[in-house]
There are 2 protein chains.
Amino acid sequence: MTTPDRPGFALPLLLLAGFRTLVDDLHAELARQGHPDLRPAHGFVLQAVGPAGTTASDLGHRLGVSKQAAGKTVDRLVALGYLERVDDPADARRKLVRVTAKGRDGLHRSAAVFDQLRGRWAATLGVDRVTAIEDDLRRMVPADVFRLDVPGWFGG
Amino acid sequence: MTTPDRPGFALPLLLLAGFRTLVDDLHAELARQGHPDLRPAHGFVLQAVGPAGTTASDLGHRLGVSKQAAGKTVDRLVALGYLERVDDPADARRKLVRVTAKGRDGLHRSAAVFDQLRGRWAATLGVDRVTAIEDDLRRMVPADVFRLDVPGWFGG
DNA sequence: CATGTTCGACAACCTCGTTTACTATTCCGT
DNA sequence: ACGGAATAGTAAACGAGGTTGTCGAACATG
């Protein structure tokens, strides 16, 4: 894709490109390490489920999507072996969603690969530049930006 | 969403968050300026069509998606009034895709809003920090990263 | 105990992508 | 001049991921 003519286009494009390269590298490495089915969105979900487990409704609430969407995503991750559903003995309506051992493995490997990629950026740019980017971005993004409830983002 | 425990998670998350805030702000403003149906992906498409126009196949090639996907996206943008199809008099197989006046208006307004948003970042961080982020990112991203042909990105 | 709320499930539909298949047209080599 | 190969557009079936709306079962509370 050619560089846009207008200056303002560069910043969002570069931020997206930076994110994309990191995530593409992550998933290329994860596929190599035995997780070829893990998709970018799955990391968010596994992270949101957490070590204690949750329900589909609560997961939807955390991710800012409907409980139905969260339920379907859980279905896919259960089919892939990253999550499991267990009945809640205290409430017959609820089904606890929990991360499996395979899910924890994927999460740990993701963290390790991201650490390694950040190290690669630091080796090229210098650690101070990387932390400066992080600090600057932290100042510019609102705290609740990770809610995926904006229509048109990941499907709308 | 809570801040992740592992340090390596922060960088990709912040890059995505920065991109998301810019694009969310852009589309909120575009909706206010008479383009409520313009979605994030549409900007890429309008940009890729260009002032000279193209065909659906070439558009798919430029965007790194199949010609069928490009054709369906063109269908939607034609329905919204941002693109038009005209028969190519020189080749009866081809149908030229061109940006309409409405499409050009959306593109111009997008550029203006992005310029304005970059100015807001510069007002907070300083112009030199913004350009430093852009320069650093340019060093870290490969040139062909905007090809959307990675499965799992925008649907897969 | 009746009422209202919450949870999970199901169905229908949208967007955006894929692969496979097919038609029409153009191009090119014999 | 003509028949095969490449190209353009289209269509169907599918998958991922999202949306509403509905529903029954289970809980909570008056």
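Just so it is clear: chains get the letters A, B, ... in the order the sequence lines come, proteins before strands, and each one is counted from 1.
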Options D/dG9, C/dG8, D/dA16, nucleotide nearest the side-chain atoms of A/Thr55: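 Selected nucleotide: C/dG8.
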Nucleotide [N], atom [atom2] - distance to [atom1] of [X] in whole Å:
{"X": "B/Arg39", "N": "C/dG17", "atom1": "CZ", "atom2": "C1'", "value": "13 Å"}
{"X": "A/Asp37", "N": "D/dG15", "atom1": "CG", "atom2": "P", "value": "15 Å"}
{"X": "B/Leu59", "N": "C/dG17", "atom1": "CG", "atom2": "C1'", "value": "14 Å"}

Which residue lies toward the 5' end of DNA chain C, B/Lys67 or A/Ala56, if each is placed at its nearest nucleotide?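 In this pair, the answer is A/Ala56.
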Compare every heavy atom of B/Leu63 with every heavy atom of B/Ala48, then report the nearest pair and how far apart it is.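 Minimum heavy-atom separation between B/Ala48 and B/Leu63: CB-CD2, 3.8 Å.
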Using every non-hydrogen atom in the two residues, find where A/Lys102 and A/Leu80 come nearest and quote the distance to one decimal.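 Between these two residues, the closest heavy atoms are NZ-O, 2.8 Å.
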Looking across every strand, which nucleic acid part, if any, lies under 4.0 Å from A/Ala69 by heavy atom: base, sugar-phosphate, or nothing?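 Since a base atom lies under 4.0 Å of A/Ala69, the category is base.
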Indicate, with a heavy-atom threshold strictly under 4.0 Å, whether B/Ser66 touches base, sugar-phosphate, or nothing.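 Counting heavy atoms under 4.0 Å across all strands, the contact made by B/Ser66 includes a base.
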Apply side chain to side chain contact (heavy atoms under 4.5 Å, CB included) to B/Ala28 and list each qualifying residue two or more places apart in sequence or on a separate chain.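 Once residues adjacent in sequence are excluded, the partners of B/Ala28 under the side chain to side chain contact (heavy atoms under 4.5 Å, CB included) criterion are B/Arg32.
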Mind checking side chain to side chain contact (heavy atoms under 4.5 Å, CB included) for A/Asp91 and listing every partner two or more places apart, or none if nothing turns up?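 Applying side chain to side chain contact (heavy atoms under 4.5 Å, CB included) to A/Asp91 gives A/Asp88, A/Arg93, A/Arg94.
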What residues in residues 72-91 of chain B put a non-hydrogen atom under 4.0 Å from any atom of DNA chain C?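 Those residues are B/Lys72, B/Thr73, B/Arg76, B/Asp91.
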Once side-chain hydrogen bond (donor to acceptor under 3.5 Å, both in side chains) is applied, do any residues pair with A/Gln33, and if so which ones, sequence neighbours excluded?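 Expected list: A/Glu29, A/Arg109.
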State which residues pass side-chain hydrogen bond (donor to acceptor under 3.5 Å, both in side chains) with A/Arg98; sequence neighbours excluded, sorted by chain then number.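 Applying side-chain hydrogen bond (donor to acceptor under 3.5 Å, both in side chains) to A/Arg98 gives A/Glu84.
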Kindly say whether, by distance alone, the side chain of A/Gln68 makes a donor-acceptor pair under 3.5 Å with the base of D/dG21?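 Yes.
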Who pairs with B/Asp87 by salt bridge (Lys or Arg N to Asp or Glu O under 4.0 Å), at least two apart in sequence or on another chain?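 Salt bridge (Lys or Arg N to Asp or Glu O under 4.0 Å) list for B/Asp87, sorted by chain: empty.
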Between the protein and nucleotides 1-6 of chain C, which nitrogen or oxygen pairs come in under 3.5 angstrom?
residue	atom	partner	partner atom	Å
C/dT6	O2	A/Arg93	NH1	2.5

Only distances under 3.5 Å count here; give the side-chain donor-acceptor pairs of residues 64-77 of chain A to other protein atoms, sequence neighbours excluded, each with its distance to 0.1 Å.
residue	atom	partner	partner atom	Å
A/Ser66	OG	A/Ala69	N	3.2
A/Thr73	OG1	A/Ala69	O	3.1
A/Asp75	OD1	A/Arg85	NH2	2.1

If only side-chain N and O atoms of A/His42 are considered, is one of them under 4.0 Å from the OP1 or OP2 phosphate oxygen of D/dG17?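 True: A/His42 side-chain N/O within range (under 4.0 Å) of D/dG17 OP1/OP2.
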Determine which pairs satisfy ring pair (Phe, Tyr, Trp, His ring centres under 6.0 Å) with at least one residue from residues 72-123 of chain A, sequence neighbours left out, and list them in order.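 Matches after skipping sequence neighbours: A/His35-A/Tyr82, A/Phe114-B/Phe9.
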